[in-house]
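Accompanying notes for the structure given below.
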Amino acid sequence: MTITSKGQASSEAGGPGSGPGRYSPAEIEKKWQVKWEEDGIYATADHVDGKENFFALVMFPYPSGDLHMGHWFQYAGADSHARFKRMQGYNVMHPQGFDSFGLPAENAAIENGADPREWTYKNITNFRRQFREMGAGYDWDRELVTSDPEYYKWNQYFFLQFYKNGLAYREHGLANWCPKDQTTLANEQVKDGRCERCGTIVEKRALPQWYFAITKYAEELLDFDQLDWPEQITTMQRNWIGRSTGTTIGFDVSEFAPSEKIDTFTTRIDTVYGTTFIVLAPEHPLVEKLTQPAQKAAVDEYVEKTGRQTEIERTSTEREKTGVETGAYCINPLNGERVPVLVGDYVLATYGTGAVMGVPAHDQRDFVFAKKYGLEIRVVVASPNWDGGELQEAWLPAGTQVNSGEFDGLSSTEGMGAIAEKIEASGWGERTVTYHLRDWLISRQRFWGTPIPIIYCDDCGTVPVPEQDLPVLLPEKVKFEADGRSPLTRDPDFLNTTCPDCGKAARRETDTLDTFVCSAWYHLRFASPRPGEDPFDNEQVRAWSPVTSYIGGREHAVMHLLYSRFFNKALRDLGFVEFDEPYAKLMNQGMLIKDHKKISKRSNPLNPDPIVEQHGADTLRCYLMFLGPWDQGGDWSDSGINGIKRWLGRVWDVAGRDFSGLGESGDAEAERSLERVSHATTQRVITDMEAFKFNTSIAALMEFTTALIHAHDAGKISVRSWRAGVERLLLHTAPLAPHIAEELWERTGHTGSIHLEMNPEFDEALTATETITLAVQVNGKVRDQVEVPADVNQDDAVAAAKASSKVARHLEGMIEVKLIYVPGRLVNIVVRPQV
RNA sequence: GCCGGGGUGGCGGAAUGGCAGACGCGGCGGACUUAAAAUCCGCUUCCCGUAAAGGGAGUGUGGGUUCGAAUCCCACCCUCGGUACCA
């Protein structure tokens with residue numbers, strides 16, 4: 001092997017980085033992007049002897065116009081980590097695809113007359129180009145595009161499996177409706193009462209909609225034992241699922257509605273004797289039956305008015321609580337009391353039973369409500385210093401049962417159990433568990449999505465499309481009209497069909513599936529990209545499951561990540577997969593900002609393309625990784641990128657240096673010193689890369705680069721050490737800056753791709769120095785530093801410390817009271833003045 | 001309101017009980033150059049001190065634990081996310 005250093009700048013000739021061998025990203029980056037593709041170096045086999053599989057998945061993008069800087073931040077980090085793991089000897093599968101169904105395509109169609117399909121596929125082409133320019137090491141053989149019929153066919157297939165097994169159902173009910181996007185939304189897609197996507201205030205609409213029965217898995221979804229996930233995300237899921245235990249108890253209303261009772265749910269059954277009224281949600285089915293003629297007008301008006309309110313107005317905690325009497329009364333089974341039934345909009349139809357027992361003394365909302373409407377406030381759980389007088393606010397903590405019949409005198413904690421037991425024994429109700437989690441609404445009244453494979457027949461009702469007829473294809477060349485309605489609803493070719501059961505004319509479902517269905521199982525398809533007649537090949541899925549490392553934003557905590565977990569468990573129960581969880585380890589990257597503000601196309605733009613052109617992809621990648629701790633995000637500044645560019649320029653210089661001046665064997669001390677920093681660097685880089693701490697990893701490489709330059713300048717090391725040092729530097733740089741590392745790997749005489757090499761090894765023993773610097777403190781203040789042998793004993797260390805004149809000055813006239821010796825760190829002499 | 005992250009030089013950040021400010025940006029000074037750019041070298045937390053020596057202060061605020069605290073504990077402030085009438 002010969003080493004060519006011709007044509008490259010040496011430090012003597014015109015200075016590093018100058019001359020004909022100057023680092024020129026534009027040339028080398030293109031070259032390697034083409035070569036890598038030709039050689040297929042990122043293609044992954046399902047099994048490689050002696051290597052463990054590592055599925056490095058990063059959340060795939062929605063192909064909007066361009067890859068923006070946030071994408072770069074995410075994908076460059078994910079790619080660097082995947083490359084690092086590959087160099088650690090894993091068989092790494094790092095795929096990429098496109099989550100290409102969704103509203104922006106349709107909006108572009110409505111606004112500019114673009115065809116959603118053309119618009120989407122044009123964007124995908126652009127994204128592929130940009131990923132290539134980034135130097136991302138994807139296995140493109142596994143690419144998937146969710147809007148391809150060969151992919152969405154399986155969304156339909158799984159929908160049918162779910163339907164046949166009671167996990168998909170259609171129900172007429174109140175759904176979140178975004179008036180701008182003209183579609184319903186799942187609960188998870190409503191943030192602060194607004195559409196998660198466009199920010200429009202969401203309304204409630206009564207519609208028949210399709211749901212996935214995610215609540216059947218609520219309990220299992222609370223189990224995170226198998227997951228190595230950030231606590232933040234599991235906490236968010238736990239809160240979203242919102243398990244609460246309590247008691248459902250029925251209040252008899254047969255006086256006003258024969259054989260009816262009002263079921264209420266409470267977590268505080270210990271306060272049931274304090275119930276002085278019952279409040280029904282305005283949408284509660286009993287409202288109409290119970291309302292008395294005298295109150296009908298008022299109740300109707302109230303219910304109607306509430307219906308007109310947006311979710312935001314409705315749920316604002318600042319708003320005054322309102323209500324109206326129905327004129328009906330019900331009976332508290334525990335004390336036989338007759339209490340009024342009201343309608344109040346602070347009670348939500350969608351939670352618990354849609355009715356609450358009003359206990360104003362022990363619930364702040366009920367308290368405010370009772371004050372306003374002059375309802376009785378009766379204490380049943382007394383605080384230790386309650387004087388029997390009126391309350392200023394609800395008493396929420398535990399206390400002693402009073403006014404509670406046979407339970408008086410018990411602590412409310414005991415009361416809770418005893419009362420629940422009596423209720424169950426008497427058949428008045430039962431202990432129950434409720435969840436905040438609702439079933440996943442999957443219907444979307446949009447065109448650009450997976451058609452729901454259902455046919456409505458006048459005679460046979462709801463009929464699933466037979467599996468052999470899949471996929472139900474989205475029509476081509478559709479017309480969008482200004483009313484925003486999906487073209488599917490007026491496309492006769494799509495709409496009209498025949499019933500698979502009876503053969504009569506029938507109509508297709510025109511709703512499409514929520515795009516989160518696509519992403520709920522895409523990882524399985526990456527594992528098994530060409531399975532033929534099945535959604536995926538079990539053998540291949542087994543080889544790659546669960547996903548070893550999953551990277552993505554925190555914003556998906558209760559959407560995609562929850563849906564995926566549900567989907568996996570449903571697939572498991574239907575026999576498609578054998579494991580419980582889709583993603584074993586989760587890592588969230590932070591958010592990239594600029595000038596302390598969110599980056600936005602309009603107000604705070606930051607386009608990667610010109611930066612790639614000016615500085616190169618490697619520089620941009622490294623700079624993004626260097627900005628700060630990746631899991632916490634980064635604050636972009638235009639000037640900072642020069643630092644990375646200079647560093648890569650120095651790496652270029654180092655690798656190209658003429659080493660003909662170095663000898664066969666070097667000076668022992670210089671050799672040892674370079675060896676030490678080499679091993680220490682590898683240790684730091686491996687530890688930091690493992691933990692996604694790209695910033696400190698790069699800092700270590702910068703220091704190592706400088707150390708190499710100094711070693712070369714001093715000229716005391718051997719050729720062998722120099723070349724080993726350069727090799728080590730390139731190997732560590734490779735995951736972060738793949739092009740320059742590859743180019744220099746070739747230029748330093750290596751054959752084969754650096755990206756298929758292994759990380760250098762390190763020996764911790766070799767990272768140690770022969771002498772160490774001890775800090776010497778007097779009363780905790782550093783007064784001097786002393787150089788001692790690394791294996792110094794305490795006595796010698798203390799003696800060396802006291803020998804320092806700077807230290808001695810502070811000991812004068814003092815009595816030593818204590819001595820702290822931390823080996824390898826410091827000596828602290830604690831003194832006090834002589835009396 | 002509740003839950004979570006964060007608050008460190010002019011700036012991005014390092015350091016998770018042991019020398020605060022690694023690494024980088026910016027700034028200042030120097031070398032190279034006819035000059036500039038590029039590159040290289042040095043300095044760069046603040047205050048007192050002409051300077052050096054030396055000293056003092058210092059990690060959002062106030063308290064505490066400890067020989068020693070950015071780091072642990074308590075109370076609070078600010079900020080960024082998430083979530084919110086969940087009975």
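These values consider heavy atoms only, across backbone and side chains, with no hydrogens, waters or symmetry-generated copies. Within every chain, numbering begins at 1; the chains are lettered A, B, ... in the order of the sequence lines, protein sequences first and strands thereafter.
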Kindly point out which of rG55(B), rC41(B), rG13(B) is positioned nearest to the side chain of H710(A)?
rC41(B)
Name the nucleic acid region contacted by V817(A), choosing base, sugar-phosphate or nothing; use a 4.0 angstrom heavy-atom cut-off, strictly under.
nothing
rG18(B), rC67(B), rA84(B): which one has an atom nearest the side-chain heavy atoms of V822(A)?
rG18(B)
Could you check which of rA14(B), rC23(B), rG26(B) has an atom nearest any side-chain atom of P629(A)?
rA14(B)
Please evaluate the base of rC19(B) for a donor-acceptor partner in the side chain of Q785(A) within a cut-off of under 3.5 Å?
yes
For M591(A) and rG12(B), what is the distance between atoms CE and C1' respectively, to the nearest whole Å?
17 Å
Considering only rC19(B), rA15(B), rG24(B), which nucleotide approaches the side chain of M702(A) most closely?
rG24(B)
D345(A) CG to rA87(B) C1', straight-line distance once rounded to whole Å:
15 Å
Nearest-Å distance, OH (Y346(A)) to P (rC86(B))?
10 Å
Under a 3.5 Å threshold, yes or no: a donor from one side chain and an acceptor from the other, between T681(A) and H732(A)?
no
Nearest to the side chain of R783(A), heavy atoms from C-beta on, is which of rG55(B), rA87(B), rC23(B)?
rG55(B)
Starting from P on rC23(B), measure out to NZ on K693(A) and report it in whole angstrom.
18 Å
Exceeds 12 heavy-atom contacts within 6.0 angstrom, atom CD of Q392(A)
no
Whole-Å gap separating P (rU66(B)) and CG (N828(A))
15 Å
Minimum-distance nucleotide (side-chain atoms of H436(A) versus rA84(B), rG18(B), rG82(B))
rA84(B)
Name the orientation class of the two ring planes belonging to F369(A) and F277(A) (parallel below 30°, tilted from 30 to 60°, perpendicular beyond 60°).
tilted
Heavy atoms only, 4.0 Å cut-off, all strands: where does R365(A) land among base, sugar-phosphate and nothing?
base
Consider the side chain of R809(A), meaning its heavy atoms from C-beta on, and name the nucleotide among rG54(B), rC67(B), rC86(B) that approaches it most closely.
rG54(B)
What integer distance in Å separates F694(A):CZ from rG13(B):C1'?
16 Å
Have a look at T248(A) and tell me which of D263(A), T432(A), T434(A) forms a side-chain hydrogen bond (donor to acceptor under 3.5 Å, both in side chains) with it.
T432(A)
Reckon R646(A) has a side-chain N or O less than 4.0 Å from the OP1 or OP2 of rU39(B)?
yes
Answer with base, sugar-phosphate or nothing: what part of the nucleic acid does T266(A) contact at a heavy-atom distance below 4.0 Å?
sugar-phosphate
Residue D635(A), side-chain heavy atoms: nucleotide from rG12(B), rA84(B), rA22(B) that is nearest
rG12(B)
Among rC67(B), rA57(B), rA15(B), which nucleotide has an atom closest to any side-chain atom of T696(A)?
rA15(B)
State which of rC67(B), rC23(B), rG26(B) makes the closest approach to the side chain of S639(A).
rG26(B)
5'-most by nearest nucleotide on RNA chain B - N239(A) or S637(A):
N239(A)
Integer-rounded Å distance: rG81(B) C1' and D631(A) CG
14 Å
Could you tell me how far apart I233(A) (CD1) and rG5(B) (C1') are, to the nearest whole angstrom?
11 Å
Please work out if T353(A) contacts a base, only the sugar-phosphate, or nothing of the nucleic acid, heavy-atom cut-off 4.0 Å.
nothing
Side-chain N or O of S244(A) versus OP1/OP2 of rA87(B): is the shortest distance under 4.0 Å?
yes
Is the distance between the ring centroids of W636(A) and Y623(A) under 6.0 Å?
yes
Side-chain donor-acceptor pair present, Y373(A), T322(A), cut-off under 3.5 Å:
no
